[in-house]
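One structure below.
Convention: sequence-line order gives letters A, B, ...; per-chain numbering from 1.
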Number of protein chains: 2
Amino acid sequence: MNKKDKIAEVTFSLALKCGFDNVSLNQIEDTGNVTTGAIYYHFKDKNDILKYIVEMYILKEIENFKKILKNYKGTPLEKLRFTFYYHVGLNIGDHSDILELSDKTNVDYKQHHLLLTSVYYQHQELRNLFHNMNLEIFKFYKELIEESIEKKEIRSDINSEDLAIYLFTIFKGFIELSTVFPKFTLKKFIETNLELIFENIKK
Amino acid sequence: MNKKDKIAEVTFSLALKCGFDNVSLNQIEDTGNVTTGAIYYHFKDKNDILKYIVEMYILKEIENFKKILKNYKGTPLEKLRFTFYYHVGLNIGDHSDILELSDKTNVDYKQHHLLLTSVYYQHQELRNLFHNMNLEIFKFYKELIEESIEKKEIRSDINSEDLAIYLFTIFKGFIELSTVFPKFTLKKFIETNLELIFENIKK
DNA sequence: GTCTATAAAATGATAGAC
DNA sequence: GTCTATCATTTTATAGAC
């Protein structure tokens, strides 16, 4: 791995623990065995590292996932279940040659979600990147629904945009809920919601 | 308002904009016309202000809301709609004599949600307070459902705990979604979801 | 209880050698 | 491209007067 990605990787890894703004250059230098000089050669300033991380580690995710889902065979509900589980598994790296996280197994979806939310909050200059990402996810759900309607796998008397909103809401909801509400397991959240979603979309 | 609450209020107001950790004591002093001396007389350290804010401004919310909903007459769906709209309206102050926000109208539910999430993320010492809050909300939904089943207003062949998870998920989901996804209005998110919820709970 | 002055540490960033 | 040394600011927090 080149130095630039090394810096990004170690910063990402540190940021996951307590937020990007709470990671100091000193920490990055000590943990990653890099020096101030290297950092400021590759990046304009500290926030430039964040921008690079967001673009490299986060925004590529959906494109990758779409490719993966293309090869996945199953009913709409199975595809949805796969989607939900895939995203909380955060299989970064397993299917991607862009990302080179050396510690792939340790990316926790809760920390990942919290980091994204905090970055969105505290770095308004990056918000458009997130808006575009969410638009992509929305389109993904809508296409999944329209395809299923075409194949007559689910009921057709319902607006695909509304259903996409509904699915997206539940997706965001159980991630958020399982993050800040440890009473139940993630599996419980996903399966309970899938069951009620199914009641709504079956023919 | 006494000095302690003045400090808390101005800190809360500043924190809403870009996160608690990004507010400096200097900012608090300048904005609130208070001095270092006053701050450290009333609070142990900076994080002690946050703890006070969380306890005063956030955790009391549910208790207040429960009281309000008791006086609200309507069907379960109407109660749910009221709940959803109430919480994004964040009617802090309108019904509470505990809170004394001088700038009540400016509390934006998106900023409020982002602040809570960031605080949860970056201040692990406060997580238990949030867990308890979420448990209270969960119990609220569960009781609403059980009451509705008893009154035979909704279908009874469904587990009240599962339905509570479902409602809570959607609540968390549309808050999160409308915060980071400006394509649609909040009203669109709420109404679309309510419609599909209704399909699930009607007799 | 509230003030000012100041300490002590940490932070992001730059300069210049190699 | 990478290093070390250092600057300039800002930060939280304390001390002591009133």
remark   = Regarding the side chain of B/Asn26, the nearest nucleotide among D/dT11, D/dA13, C/dG12 is D/dT11
request  = May I have the distance from A/Glu29 (atom CD) to D/dT4 (atom C1'), rounded to whole angstrom?
outcome  = 11 Å
Test side chain to side chain contact (heavy atoms under 4.5 Å, CB included) applied to B/Lys4 and B/Met56, step by step = CA-CA 12 Å; B/Lys4 185 169 186 179; B/Met56 281 291 109; over 6 Å; no
request  = Please check if any side-chain donor atom of A/His113 sits under 3.5 Å from a side-chain acceptor atom of B/Tyr121, or the reverse.
outcome  = no
key: Selection from D/dT4, D/dT12, C/dA5 that lies nearest to any side-chain heavy atom of B/Ser24   = D/dT12
key: Residue closer to the 5' end of DNA chain C, B/Gly37 versus A/Asn47 (nearest nucleotide)   = B/Gly37
message = Nearest whole Å is fine: how far is D/dT11 P from A/Asn22 CG?
response = 14 Å
request  = When you get a sec, tell me which of D/dA13, D/dT2, C/dT14 is the closest nucleotide to the side chain of A/Thr36?
outcome  = C/dT14
task = Could you check how far CG of A/Asp30 sits from C1' of C/dT11, rounded to whole Å?
result = 14 Å
note = Testing C/dG1, D/dT12, C/dG12 for proximity to the side chain of B/Leu25, the answer is D/dT12
key: Among D/dA13, C/dT2, D/dG1, the one nearest B/His42 by side-chain distance   = C/dT2
note = So CD of B/Glu78 and NZ of B/Lys73: to nearest 0.5 Å the spacing works out to 13.0 Å
ask   = Of all the nucleotides listed (D/dT2, C/dA13, D/dT12), which has the minimum atom distance to the side chain of B/Lys46?
value = D/dT12
ask   = How close or far is atom P of D/dA13 from atom OH of B/Tyr40, stated in whole angstroms?
value = 3 Å
message = Classify B/Thr35 by what it touches in the nucleic acid, base, sugar-phosphate, or nothing, heavy-atom distance under 4.0 Å.
response = base
query = Quick one: is the NZ or CZ of A/Lys46 closer than 6.0 Å to the six-membered ring centre of A/Phe20, and within 45° of its axis?
reply = yes
